[in-house]
Amino acid sequence: MQATVLTFSLLGLDPQPVHVEVDSGRGIAQFNLVGLPEASVRESRVRVRSALLQLGVQLDEYVITVNLAPADLRKSGGSFDLAIALGVLGALGRIPAERLRGVAVLGELSLSGAIQRVRGVLPILRNVYTLGVEEAVVPQGNAAEAARVMGAGARAAGHLSDVVRHFTGEQPLPFVEAPAARAPTSQLDVDLSELRGQHAVRRALEIAAAGAHNLLFIGPPGCGKTMAARRLPTILPPLSDDEALEVTAIHSTVGLVPASGILSERPFRAPHHTVSPVGLIGGGEPIRPGEVSLAHLGCLFLDEVAELRRGALEALRQPLEDGVVTVCRARGRATFPARPLFVAAANPCPCGFHGDPSRACVCSEERVRAYRARLSGPLLDRMDLQLAMRPVSIPDLVGGAPGESSTIVRARVCAARAVQTDRARRGEVRATHNSVLTAADLARVARLDAGCRDLLERAVDSLGLSARAYNKILRVARTIADLAGCGEVRNEHVAEAIQLRLLDRRVYAMRESAAA
Ligand SMILES: Nc1ncnc2c1ncn2[C@@H]1O[C@H](COP(=O)(O)OP(=O)(O)OP(=O)(O)O)[C@@H](O)[C@H]1O
Ligand SMILES: [Mg+2]
């Protein structure tokens with residue numbers, strides 16, 4: 001007898017239908033599995049055999065052949081187990097094979113028959129109705145995720161025996177629970193008000209959030225770089241429902257979905273500086289998203305960025321520019337979105353105290369130059385905002401009043417973002433964020449009067465800035481004007497934007513003298 005069960009494999013975020021075809025016949029025990037299964041899928045036979053045994057189903061007198069179609073698609077992971085087990089039961093006549101039609105099945109089996117949660121349920125089921133699927137059976141552990149995208153079309157199961165009872169008609173499986181509304185933003189565990197003093201840092205965070213500008217902090221150990229960066233997502237506009245689904249789909253592929261089935265906050269990813277290029281950008285087999293994609297629509301924070309492997313930083317260039325990562329492998333191309341707000345932090349020198357008035361730096365001038373040379377080029381060029389950070393003063397830390405809360409700052413950020421969205425909607429610019437305005441856009445929406453132009457040209461001249469830096473300053477000035485609710489870009493906006501590029505001069509000077 002034969003039975004077919006539908007399941008899915010993921011390539012990036014794209015679900016690929018896999019038909020599990022099972023044939024059974026009497027004979028000396030055999031369990032063949034074909035259709036390009038990787039080791040993790042081949043091991044499925046052991047799990048399925050054991051789980052079926054728990055239901056009293058012996059395979060000793062059967063020749064079982066399982067074909068995973070299409071045969072040219074490489075399959076990996078344990079999510080085929082449940083489909084294979086149901087296919088075997090259908091082929092043995094233990095459940096009606098026709099009941100399995102139009103049902104998508106996902107789940108890994110333990111030896112006892114318990115159904116374990118799997119990765120990628122949300123992206124797999126997201127558009128599953130358009131593929132002619134009417135119903136899905138998913139692990140209990142993925143129920144919330146499935147409910148987010150399938151509503152009442154999905155059923156959740158904890159044990160193989162429950163699924164069997166469902167298909168034999170003895171006891172239908174429950175539909176997945178309709179999830180509660182997404183957690184409100186007040187449930188964040190950190191707040192900008194905890195960052196004492198540091199007015200310049202708070203201002204830079206606000207500008208970064210308002211215009212989606214990349215941000216670099218340079219400062220000694222313990223001055224609060226990580227603390228500041230960690231609070232950036234709390235002042236970004238809340239995730240819309242569509243954005244939340246987009247981000248959760250990426251996190252689902254690596255099994256990082258919260259119990260509610262959907263991310264309620266923008267992600268904050270802070271990989272260690274030893275992260276590999278693949279870890280940062282994505283790749284591997286099976287292909288998984290890198291940190292830059294896991295941080296999509298949130299923040300990617302790279303601490304100790306000067307210590308990062310050179311290749312990793314270079315690899316980051318393309319995604320930061322294009323907003324997507326494409327990974328090519330023998331089995332196909334996977335694309336992941338990658339549009340995080342990028343925040344980097346570095347010490348000013350290997351010991352961290354170069355230029356610190358309170359502690360002496362123990363690095364040789366040579367080492368400081370070599371260290372800073374690593375910050376320059378691709379990295380520095382891409383940072384719109386660059387801030388030299390000092391430790392908070394003790395009076396500010398212990399006695400100062402708390403600064404504005406994230407809620408207050410976020411309201412200003414949202415207002416500035418709304419101005420940018422309106423400009424795009426009116427067709428004045430193509431970009432929805434100031435950080436990606438083109439030179440032509442800037443000529444329209446960041447026109448400077450003669451005084452402003454003179455100020456900017458003198459700064460560019462005296463600081464030795466590049467043409468790229470010139471436009472970056474204009475973009476930041478546009479954001480500062482938007483935060484101030486100002487239609488035109490004025491002197492004070494340009495002046496503040498120049499202040500936020502001053503590190504350029506120090507680091508470039510160091511690099512040039514290193515090269516000389
Ligand atoms: N402005 C501040 N307000 C309140 N607490 C602060 C402030 N600055 C630093 N701290 C305290 O100092 C601790 C260390 O800060 P943080 O880890 O952010 O420093 P860092 O600059 O990232 O250091 P490193 O270079 O070692 O990574 C924080 O956890 C916090 O308790
Ligand atoms: Mg830190």
Side-chain angles (χ1 to χ4, degrees), residues 188-209 214-236 266-275 279-280 291 294-295 298-309 312-313 316 340-363 367-368 370-372 374-375 379-380 383 385-410 500 502-503 506-507:
L188 282 168
D189 55 352
V190 295
D191 194 275
L192 193 60
S193 59
E194 293 149 2
L195 185 73
R196 300 291 172 128
Q198 299 287 25
H199 301 293
V201 175
R202 296 175 63 97
R203 177 73 177 152
L205 289 173
E206 185 170 336
I207 296 169
N214 293 334
L215 174 61
L216 170 70
F217 291 123
I218 294 198
C223 72
K225 302 184 292 290
T226 304
M227 190 182 180
R230 183 73 192 83
R231 279 148 187 81
L232 186 52
T234 71
I235 60 168
L236 289 170
R266 291 182 186 270
F268 178 83
R269 304 289 303 184
H272 191 253
H273 63 77
T274 52
V275 63
L280 199 53
E291 292 292 336
L294 293 170
C299 279
L300 174 67
F301 177 52
L302 289 183
D303 210 350
E304 317 287 357
V305 73
E307 307 288 349
L308 209 69
R309 296 192 209 177
L313 206 50
L316 205 53
L341 216 164
F342 178 43
V343 184
N347 291 335
C349 67
C351 84
F353 295 102
H354 188 87
D356 194 309
S358 57
R359 304 247 324 239
C361 169
V362 297
C363 309
R367 281 195 74 202
V368 178
Y371 180 87
R372 295 212 180 171
R374 267 187 265 152
L375 285 180
L379 176 71
L380 212 64
M383 307 314 282
L385 305 171
Q386 305 166 2
L387 202 75
M389 204 165 158
R390 296 254 161 264
V392 60
S393 71
I394 298 300
D396 271 349
L397 183 64
V398 294
E404 286 177 315
S405 69
S406 294
T407 310
I408 294 173
V409 179
R410 179 183 248 174
L500 289 162
L502 287 186
L503 274 178
R506 295 189 214 164
V507 180

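Ligands are counted one by one from 1 in listed order, and the atoms in each one are counted from 1 as well. Side chains included, hydrogens not; waters and symmetry mates left out as well; all remaining heavy atoms used. Residues take their numbers from the sequence shown, with the count starting at 1.
- An N or O contact shorter than 3.5 Å links Met227 to ligand 1 by distance.
- Less than 4.0 angstrom separates atom 8 (N) of ligand 1 from at least one non-hydrogen atom of the protein.
- Remark: the backbone N or O of Glu404 is paired with a side-chain donor or acceptor of Arg202 at under 3.5 angstrom.
- Ranking protein heavy atoms by distance to atom 21 (O) of ligand 1, first place goes to Lys225 N, 2.9 Å.
- Of all atoms in ligand 1, listed by their number and element, those nearer than 4.0 Å to a heavy atom of Pro221 are 23 (O), 24 (P), 25 (O), 26 (O).
- Panel note: side chain Arg266, backbone Pro233; no donor-acceptor pair is recorded below 3.5 Å.
- Less than 4.0 angstrom separates some heavy atom of Val392 from each of these atoms of ligand 1: 1 (N), 2 (C), 7 (C), 8 (N).
- In terms of modelled atom types and a separation under 3.5 Å, the side chain of Gln198 and the main chain of Arg390 share a donor-acceptor contact.
- Looking at residues two or more places apart in sequence or on another chain, you find a side-chain contact (heavy atoms from CB on, under 4.5 Å) between Thr274 and His272.
- Taking CG from Asn347 and NZ from Lys225, the interatomic distance works out to 4.5 Å, rounded to the nearest 0.5 Å.
- When the side-chain contact (heavy atoms from CB on, under 4.5 Å) test is applied to Ala312, the partners found at least two apart in sequence or on another chain are Pro277, Leu280, Leu308, Arg309.
- Below 3.5 Å of separation, one finds no N or O of Gln198 facing any N or O of ligand 1.
- Cation-pi geometry between Arg269 and Phe301 is not met: the NZ or CZ atom fails to fall both under 6.0 Å from the ring centre and inside 45° of the normal.
- Within ligand 1, counting atoms from 1 as listed, the ones closer than 4.0 Å to a heavy atom of Asp303 are 27 (O).
- Close approach of ligand 1 to Glu194 is summarised as follows: ligand atoms under 4.0 Å from at least one heavy atom of the residue are 3 (N), 4 (C).
- Side-chain contact annotation: Thr234 with Ser406, donor-acceptor N/O pair under 3.5 Å present.
- How far CG of Asp303 is from NE2 of His273: 8.5 Å, rounded to the nearest 0.5 Å.
- Considering backbone and side-chain atoms together, Cys223 places an N or O closer than 3.5 Å to an N or O of ligand 1.
- Checking atom 24 (P) of ligand 1 against the protein gives a heavy-atom contact under 4.0 Å.
- Judged by distance alone, the side chain of Glu307 and the main-chain N or O of Glu304 form no donor-acceptor pair under 3.5 Å.
- Looking at ligand 1, you'll find an N or O of Gly222 within less than 3.5 Å of one of its N or O atoms.
- Shortest contact from atom 17 (O) of ligand 1 to any protein heavy atom: Thr226 CB, 4.0 Å.
- Around the Mg ion (ligand 2), the protein atoms of type N, O or S found under 2.8 Å away are Thr226 OG1, Asp303 OD2, listed by chain and number.
- Atoms of ligand 1 lying under 4.0 Å from at least one heavy atom of Asn347, given by number and element, are 25 (O).
- Within the 3.5 Å criterion, the main-chain N or O of Phe353 finds no donor-acceptor partner in the side chain of Arg359.
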Can I get a per-line list of side-chain donor-acceptor pairs under 3.5 Å for residues 214-223, giving both atom names and the distance, sequence neighbours left out?
from   : atom 1 : to     : atom 2 : distance (Å)
Asn214 : OD1    : Phe342 : N      : 3.2
Asn214 : ND2    : Arg382 : O      : 3.4

